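Heads up: the structure comes next, in structure tokens.
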Amino acid sequence: MKGQLPVLSVNPLPPLYGAWMNQLLAGPIPSETKATCDDCAMAAAPGTQPSPTARFFDPVLKCCTYMPTLPNFLVGRILSDFDLPAKAAMGMQSRLQTSGTVTPLGVTMSPTY
């Protein structure tokens, strides 16, 4: 229909949040029309040589390297979910061992981050 946003064929949210949103929303989540994740505006265009003073994200990492603050219930879920790759649990174990990032409320980003 004219004027409607395209709908995502796959739920973009993690399973826990996806289940909550499916219950709360009347329909599927519309596609993001403002983000440039597929064509990152902060990564140099393929095949171009940026100037030495230009600042770009690593095209492999882009902004997806953001380190969120995780509430305690998500930390527990990550550590107890055996369907997640071992790398996810190891990453969480590493964050739990970083001084100053763990509180009763969850895990925050490190001061150096």
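Since we're looking at a predicted model, the values are computed, not measured.
Residues satisfying the side-chain hydrogen bond (donor to acceptor under 3.5 Å, both in side chains) criterion with Thr53, sequence neighbours excluded, are Ser51. Looking at residues two or more places apart in sequence or on another chain, you find a side chain to side chain contact (heavy atoms under 4.5 Å, CB included) between Ala44 and Thr48, Pro50, Phe56. By the side chain to side chain contact (heavy atoms under 4.5 Å, CB included) test, Leu24 pairs with Met21, sequence neighbours left out.
Between the Thr101 side chain and the Met109 main chain, no donor and acceptor come within less than 3.5 Å of each other.
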Mind listing the side-chain donor-acceptor pairs of residues 69-82 below 3.5 Å, one per line with the distance, residues two or more places apart or on another chain?
unit_1 : atom_1 : unit_2 : atom_2 : d
Asn72  : ND2    : Pro104 : O      : 3.0
Ser80  : OG     : Gly76  : O      : 2.9
Ser80  : OG     : Arg77  : O      : 3.4
Asp81  : OD1    : Asp83  : N      : 2.9

